[in-house]
Each structure stands twice: as structure tokens, then as C-alpha cells.
Amino acid sequence: MQLVLATTNKGKIKEISKLLNNKIELLSLKDFNIPPIPETGNTFEENAYIKAKTVSEKTGLMALADDSGLVVPYLKGEPGVHSARYSGPNATDEQNNLKLLTKLQNVPKAQRKAFFVCVIAVWHPSGKHFHVQGNWPGYIATEPKGHNGFGYDPIFIDEQTGLHAAEMSLEQKNQISHRALALKAFLQKWPNFLQQLQL
Ligand code: IMP
């Protein structure tokens with residue numbers, strides 16, 4: 001059985017390969033010539049399915065895609081599905097962080113709650129599909145701290161440890177992050193899904 005990972009991100013490919021223990025032949029977008037897939041959905045779930053379904057249709061194989069971002073309930077869910085391009089189409093991480101900090105200027109801690117979301121969706125050519133979601137709770141800092149990670153990590157404070165995500169090592173972050181939680185949920189559902197495909 002083959003599974004195409006709808007990503008070219010080396011880190012993601014490595015992390016998923018490790019979890020699936022070579023029980024399935026893993027391919028990625030590096031093995032196919034598929035143009036970028038526009039993420040036109042209004043939710044993380046929609047975007048994950050758009051990517052998984054498109055890659056499955058273009059390759060004729062089962063595909064897995066993920067979509068992630070940061071949600072601030074006080075800002076009605078912003079940056080949400082626009083996390084990567086919050087301050088414009090070519091936004092840098094610094095610009096996105098600054099925009100969020102500015103919007104939350106003088107907003108007290110109780111309203112600075114936030115969570116990272118990761119949705120993983122799997123689509124099989126038969127139309128069978130499933131998805132899982134991981135949420136990492138925390139709150140938005142008043143200023144950036146730490147140099148690890150990427151994206152909103154310098155301004156996201158983990159609820160449990162009080163550390164900014166950018167202060168954590170990759171190993172520490174990979175144990176508690178939204179992606180880690182989604183992957184755990186994925187591994188729980190995966191064997192059942194494979195069984196269903198064989199029915
Ligand atoms: P993607 O769906 O994995 O490409 O993530 C979309 C955007 O969400 C990224 O460009 C980041 O801005 C943000 N994001 C997702 N995961 C993280 C994370 O673990 N740390 C910081 N920012 C993240």
C-alpha cells in the first residue's frame with residue numbers, strides 16, 4: 001500500500017515516516033509534478049481535505065495532508081487559516097507577529113488566550129476519508145522571546161510550562177505541539193481506517 005504525503009517539507013516527511021514504521025510505502029510531492037494547490041477553504045479542516053483530495057485525484061493514490069495555524073478567540077479566530085499570510089501575501093514571520101502584537105496591545109492576559117491547531121486529513125481514491133485535529137493551548141505574549149522554531153513561536157506561550165514556544169527545543173515542542181497531538185490522534189485511527197479499506 002502507498003501513501004502520498006501532500007508536502008515537500010523534509011521535517012514533516014521525516015516525522016511521519018518515523019511514526020508509520022515503514023509499514024507503508026511513503027511518497028511525497030517531491031515524487032510528483034503537482035502545481036501548488038490553492039488553500040481556498042474557510043477552515044483548517046476544509047484546507048486539509050482540499051490538499052489531500054487533490055493530491056489523491058492527481059496521483060490515483062491515497063494521500064495525507066495537514067493544515068495548521070494559530071487561533072485567537074478574542075480576535076474572532078484570527079489569524080486562523082490566514083496564519084501564514086496574516087500581514088499580506090509575502091508576509092515574514094516578524095511582520096505577522098508584529099501585526100498580532102499590535103492588535104492585542106493593552107489587551108489583558110485573560111483575553112490573550114490562543115491555541116495552535118493542526119488538522120490531518122487522509123483521502124483514499126475510493127472516496128473513503130478521515131481527519132483528526134490537535135489543539136495546543138496557550139496565550140499570546142506581550143513581546144517576542146526565544147530563537148527556536150518558526151512562525152508565531154516567539155510570541156506563543158505554552159499554557160502548561162509558561163515557556164514561549166521559541167524557547168523550547170524541537171524535541172520538547174514535538175512532544176506537546178498541535179502537530180504532535182494530531183499525529184497521536186492519527187495513529188489511533190489509522191489501523192481501523194486501513195482495515196475498512198480492505199473490506
Ligand atoms: P502550515 O499549514 O503548516 O503551512 O502552517 C501555516 C502557518 O501557521 C505557518 O506559516 C505559521 O505561520 C503558522 N504555524 C503553524 N504551525 C506553527 C508552529 O508550530 N509554530 C508557529 N507557527 C505555526
Qualifying residues under side chain to side chain contact (heavy atoms under 4.5 Å, CB included), relative to [X], sequence neighbours excluded:
| X | value |
| --- | --- |
| P137 | E159 |
| L98 | T102 |
| D158 | W136, Q160, T161, M168, I176 |
| A114 | L70, V72, I140, F156 |

May I have all residue pairs that pass salt bridge (charged side-chain N to carboxylate O under 4.0 Å, His left out) and include part of [range], sequence neighbours excluded?
| range | value |
| --- | --- |
| residues 176-189 | none |
| residues 145-156 | K145-E167, D153-K173 |
| residues 94-123 | E78-K103 |

Quiz item: Mind checking what makes salt bridge (Lys or Arg N to Asp or Glu O under 4.0 Å) contact with E57, not counting sequence neighbours?
Solution: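 For E57, the residues satisfying salt bridge (Lys or Arg N to Asp or Glu O under 4.0 Å) (neighbours in sequence not counted) are K53.
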Quiz prompt | Test salt bridge (Lys or Arg N to Asp or Glu O under 4.0 Å) applied to E45 - qualifying residues, sequence neighbours left out | solution =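 If we apply the salt bridge (Lys or Arg N to Asp or Glu O under 4.0 Å) test to E45, skipping adjacent residues, there are no hits.
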Quiz prompt | Pairs touching residues 27-85 that satisfy ring-ring contact (aromatic ring centres under 6.0 Å, His included), sequence neighbours left out | solution =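 ring-ring contact (aromatic ring centres under 6.0 Å, His included) check on residues 27-85 returns Y49-H129, Y49-H131.
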Self-check item: Pairs satisfying ring-ring contact (aromatic ring centres under 6.0 Å, His included), at least one member in residues 165-199, at least two apart
Solution: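 Of all non-adjacent pairs touching residues 165-199, those that pass ring-ring contact (aromatic ring centres under 6.0 Å, His included) are F116-H178, F130-F186, F130-F193, F186-W190.
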Quiz item: Got a sec, which pairs hit side chain to side chain donor-acceptor pair (under 3.5 Å) with one end in residues 31-41, sequence neighbours left out?
Solution: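 Non-adjacent pairs meeting side chain to side chain donor-acceptor pair (under 3.5 Å): E39-K51.
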